[in-house]
Structures are given as C-alpha cells and as structure tokens.
Amino acid sequence: MIDFYYAPTPNGWKVAIMLEECGLSYTTHLLRLAEGDQFAEDFLKISPNAKIPALVDHAPAPAYGSAPVSVFESGAILMYLAEKTDRFMPTDAIGRKQALEWLFWQVGNQGPMAGQLSHFVNYAPPGEQSYGRKRYGGEYERNLAVLERQLDGKAYILSDYSICDMIAFPWVFIAKPLTASLDNFPQVAAWRERLKQRPAVINAINLYKAAQNKGKANVENNAILYNQSASHFKKDPSA
Ligand SMILES: N[C@@H](CCC(=O)N[C@@H](CS)C(=O)NCC(=O)O)C(=O)O
C-alpha cells in the first residue's frame, strides 16, 4: 500500500499518472496548500521541502529493508516507482541515461519556469506582473521548443512511452491557462493530444478536480503560499 500526498496541481498529476498507469494501490492524502498543510511537522518528515507530491511506500522492494520508505520530489518518485514496478523506464544503459536527462530537464527547467509563469499569470498583483510574465513566458516557450525538437519524428520523448512523458505532460497540458499557445509547436501539440487520451492520464487529472479552484488564494490573501520565508520551517519547540 502506498500513501500518496497530493494536491490537484501539475506536480501532483505527474505521480498520479504513474500510479494509475501501474495500477498500484494507493491511498490519497489531499493537502490544503493554501492553508499550510505542507508545513505540518509530520509532513515535513516525509517531504522536507514542504511540497507535494510525496509518498510513503509500506511495501517497498526487499533492497530497501522492511520499514516503510518515504520519497519526495516528483522525479525521484517517478524513478522509484519505475524501479519498483520495472515499468515505464528503460533499463539498458543508454536508455536509462536518456531517461535521467529528460527527468532532470523537466525538474530543473520546464517545471520551475512554468511554475513561475503560473505565479505571475495567476497570482502576482496586477501592477507587478509584466516583467515576470515576459521572463517566464519566454522561458516556458524556450522549453516548448526544446521538447518540439526532441519529439520530431517520434511519438514520445524516449523511444517508448515513459516516466519522461508523464513528468513533462502536466505543464504542457495547462499551456492555455498559462496564456501560451502551442500553435508553433505542432509535435508538442500532437503529443499532448496523444497523452490526453490515456485512461490513466484522464483519471489522474480528475483526481480531486473539484478541490482545484476552491477558495483560490492570491498574493494579497495568502502569505502561506506566496510570501514564504525561512521562518515557515522553524521547528516548533513543543513538537
Ligand atoms: N520540484 C518539485 C516541485 C513541487 C511543487 O512545487 N509542488 C507545489 C504544488 S504544484 C507545492 O507543493 N507547493 C506548496 C508550496 O509552495 O507551499 C517536484 O517536482 O516535486
């Protein structure tokens, strides 16, 4: 059994897609990010960076020993699950190296740039949006161009459908709400459509969909999500 710490956001979808693709049995724990659930001491033990997704596997592979194993960071989680199930990640040396390249590309490039673009499009105060939107909008498109070249003549990022597609899809899925167009990226648009048809992807996106836009937080009303500082991580001496 896997405890899956989740919120219905692009980073959460990545892992939900893999859990669904593998048919693994999991219990979902919905975190209310705008209310600060991610800073609860118990959650920080699982996810020290105070972000979803994260999981605890109560039946890890024998190499991990018999105690439950916790994993945070979407790339690490997807690799962990791919190794646990022996699915959706190449095992030959070259294929594995390529998978690592695209996983690291996503968590170090596409993800953070898209996340910042989302902040400036959706949450920054109106007078403070323009520089951020230009900078991160440009970076978002730059990463679309990288993906476009990789997908040229191919159905998926690697030779077969893999965790690299699962990790890159969510931030492309929401291109429109990020005010970006895929018109200049036909390979990416076709890949997005291909993935969107998969039942596992549909199930992952629908998970807690109703919770998605409830009480939408913004910079003015939410210091937990948008004005974080080191003080959020101070240990409670009574805990
Ligand atoms: N690099 C992380 C990013 C995770 C992330 O940014 N998660 C967001 C939700 S999409 C979160 O938990 N935000 C809560 C917060 O910033 O307090 C990963 O890929 O897992």
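One-based numbering, in listed order, for ligands and for the atoms of each.
Numbered from 1 in the order shown, with element, the atoms of ligand 1 that lie under 4.0 Å from a heavy atom of Ser74 read 18 (C), 19 (O), 20 (O). Every atom of ligand 1 with a heavy atom of Gln38 under 4.0 Å away is listed here by number and element: 14 (C), 15 (C), 17 (O). Atom numbering of ligand 1 starts at 1 in the shown order; those under 4.0 Å from a heavy atom of Lys14 are 19 (O).
For Gln106, the closest heavy-atom approach to ligand 1 does not fall below 4.0 Å. Under a 4.0 Å heavy-atom criterion, Pro53 is in contact with ligand 1.
A heavy-atom distance below 4.5 Å is not found between the side chains of Ser70 and Leu55. At a threshold of 4.5 Å between non-hydrogen side-chain atoms, the residues Cys22 and Leu81 do not count as touching.
Side-chain heavy atoms closer than 4.5 Å link hydrophobic residues (I, L, V, M, F, W, Y) into clusters, and following such links, even through other members, never connects Ile46 to Val69.
Nearest to atom 13 (N) of ligand 1 by heavy-atom distance, out of Val107, Ile167, Leu33, is Leu33. Taking only non-hydrogen atoms, the option from Lys51, Gln228, His119, Glu73 nearest to atom 18 (C) of ligand 1 is Glu73. For atom 5 (C) of ligand 1, the choice among Leu103, Asn11, Ile77 with the nearest heavy atom turns out to be Asn11.
Below 3.5 Å of separation, one finds an N or O of Ile52 facing an N or O of ligand 1. Taking distance alone, with nitrogen or oxygen atoms compared against 3.5 Å, Thr9 stays at or beyond that limit from ligand 1.
Under the ring pair (Phe, Tyr, Trp, His ring centres under 6.0 Å) criterion, Tyr226 pairs with His119, Tyr123, sequence neighbours left out.
At distances below 3.5 Å, not a single donor-acceptor pair connects side-chain atoms of Ser118 with backbone N or O atoms of Ala114. Panel note: side chain Arg194, backbone Ala155; a donor-acceptor pair is recorded below 3.5 Å. Looking at Asp165, its side chain never comes within 3.5 Å of a backbone N or O of Tyr156 through a donor-acceptor pair.
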